[in-house]
Amino acid sequence: MRLRRTFLSLSAAAVVLLAGLETASAQSPSSGQPSPDPGATVTATARLDTGARINSADTAEELERYWTPERMRNAIPVSVEGTAQRAGGVTGDTSEGPARSTPSAPPRKDMVRTTITETAVAGKVFFTKPSDGKDYVCSASALNSSSKQMAITAGHCVHEGNGGDWMRNWAYVPRYRDGNRPFGTFAAKQYRAFNGWINDGSFDWDVAMVTTWPLNSRKLVNVTGGNGLSYNYSREQAVTVNGYPGDRDNGQRQWYCQGTTQRVGVLDGRIQLRCDFGGGSSGGPWMRQFDESSGLGYTNGVTSTINSEGWNRSSYFGDSVKQMFDDQGGAT
């Protein structure tokens, strides 16, 4: 496994590391009535911290104004605690069909890659957590679909889990770097997350997809390109992981890690790779067949948790993740 830094270190920013040991924590009750099936999904319209729905170009612009350079710089890398215990039997997404991938989409023709290791398909997520009103950061990536407007991230970067609430002020900045937004700020329009995360905070279901608003009449994937989605593959895959760990360059520049994933355990169907990425890397893509010339690949996982030995973990991508993609990919 190879781990490389994309840039040199720079000035300090607030960093919250992922928990060293994986333990569960509770949140406030939810007012919604989602299905008890953990593999079913729930959608919600994105909102500002005022509670106003982001349902027009005007409110999307209001969100962009909220995220000043100072707020972005001071946002906290989200810290996540998972659960290492299993009640018995394998939980989470499963594979019942053949291993397949959906198509990727190239970026606009005038795109010039600045470095081999930094990709425009990945970016930084900013949001406000309703339970404490503070601003946080995660990672995400553009995912090609019929809408050309979708990003994929971790469930805990969209919803608090354990009966909590949906995040507010959610924005995605492709290839964020040192406060620069080379492709602008894409506001969330609609979220989709698994009941297994929303109701139970289960990291077996720590995946979310987000439909974004077009920016200046341009759709996300048409600007940056978008990865394909891989699902039902074996848990041993050569991948490239990108994201913004807060313990690397203070989360201000994109990092990457390469290696071959493995299954977490007999009763734990998730996958893992020893990248040792801390808070803020959550939601970053785990890409099969990453092409350094285009910066594209096939998303086969997203960063979810880390343990005390530096193993980052992702939910397994099977039939349920593909169903989430089918359900959300056409939303505009």
Side-chain angles (χ1 to χ4, degrees), residues 12-32 34 42 44-54 59 62-83 124-140 151 153-173 176 179 185 187-188 190-191 193-203 205-208 210 243-247 250-252 277-284 302-306:
V15 175
V16 177
L17 297 179
L18 295 176
L21 295 175
E22 295 185 323
T23 55
S25 60
Q27 302 283 354
S28 58
S30 170
S31 60
V42 175
T45 300
R47 294 176 182 267
L48 301 173
D49 61 338
T50 60
R53 292 173 180 265
I54 306 175
T59 49
E62 184 177 347
L63 173 63
E64 184 176 1
R65 289 192 297 271
Y66 175 85
W67 287 111
T68 63
E70 182 179 10
R71 279 196 171 113
M72 286 185 166
R73 186 172 58 251
N74 294 331
I76 305 165
V78 70
S79 178
V80 186
E81 300 176 352
T83 173
K124 200 166 184 177
V125 170
F126 299 85
F127 58 87
T128 303
K129 187 179 286 190
S131 59
D132 62 15
K134 296 179 181 179
D135 293 332
Y136 290 86
V137 293
C138 274
S139 301
T153 187
H156 69 261
C157 300
V158 165
H159 191 280
E160 293 178 307
N162 288 304
D165 202 354
W166 298 93
M167 304 306 185
R168 306 289 177 93
N169 293 333
W170 200 98
Y172 173 64
V173 181
Y176 172 94
T185 302
Q190 186 182 69
Y191 310 123
F194 285 114
N195 286 331
W197 173 255
I198 292 170
N199 294 339
D200 306 320
S202 169
F203 288 95
W205 301 100
D206 192 17
V207 184
V210 180
Y244 291 82
D247 52 354
N250 298 310
Q252 292 299 300
F277 281 177
S281 64
S282 296
V302 293
T303 302
S304 175
T305 64
I306 188 173

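Only this structure's heavy atoms are used, side chains among them; waters, hydrogens and symmetry mates stay out.
Proximity of a side-chain donor or acceptor of Arg71 to a complementary backbone N or O of Tyr66 within less than 3.5 Å is detected. The closest donor-acceptor contact from the side chain of Ser282 to the backbone of Cys138 lies at 3.5 Å or more, if one exists at all. In this structure a side-chain-to-backbone donor-acceptor pair under 3.5 Å is missing from Asp200 to Ser202. No donor-acceptor distance shorter than 3.5 angstrom exists from the side chain of Thr45 to the backbone of Ile54, with no hydrogens or angles considered. A donor-acceptor contact shorter than 3.5 Å is absent between the side chain of Asp165 and the backbone of Pro130.
No side-chain heavy atom of Trp205 sits under 4.5 Å from any side-chain heavy atom of Asn195. Within the 4.5 Å cutoff, the side chain of Trp170 has no heavy atoms near those of the Arg47 side chain. A 4.5 Å side-chain heavy-atom check between Ile76 and Lys129 finds every atom pair outside the cut-off. Side chains of Val158 and Thr153 form a contact here, defined as non-hydrogen atoms less than 4.5 Å apart.
Note that the OH atom of Tyr176 and the OG atom of Ser139 stand 11.5 Å from one another [nearest 0.5 Å]. The CG atom of Asn162 sits 11.5 Å away from the CD1 atom of Ile198 when rounded to the nearest 0.5 Å. Distance check, rounded to the nearest 0.5 Å: OG1 of Thr185 to OH of Tyr172 gives 11.5 Å. Distance check: Asp135 CG to Asn74 CG gives 9.0 Å after rounding to the nearest 0.5 Å. Between Thr50 atom OG1 and Asn169 atom CG the span is 7.5 Å, to the nearest 0.5 Å.
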Side chain to side chain contact (heavy atoms under 4.5 Å, CB included) between Phe194 and Val207, intermediate numbers included: CA-CA 7 Å; Phe194 285 114; Val207 184; 4.0 Å; yes
Could you check Met72 against Val173 for side chain to side chain contact (heavy atoms under 4.5 Å, CB included), going step by step and ending with a plain yes or no? CA-CA 10 Å; Met72 286 185 166; Val173 181; 3.7 Å; yes
Apply side chain to side chain contact (heavy atoms under 4.5 Å, CB included) to the pair Val125 and Met167, showing each step before the final yes or no. CA-CA 11 Å; Val125 170; Met167 304 306 185; over 6 Å; no
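Between Trp166 and His159, the two ring planes are perpendicular [angle over 60°; tilted spans 30° to 60°]. Classification of the Phe126-Trp67 ring pair by plane angle, with boundaries at 30° and 60°, yields tilted.
Nearest heavy atoms, Cys157 versus Gly283: SG-N, 4.5 Å. When every heavy atom of Ser304 is checked against every heavy atom of His156, the shortest pair comes out as O-CE1, 3.3 Å. In plain terms, the two heavy atoms of Val137 and Ala75 that are nearest each other are CG1-CB, 3.4 Å. The shortest heavy-atom contact between Leu63 and Ala188 is CD2-N, 4.4 Å.
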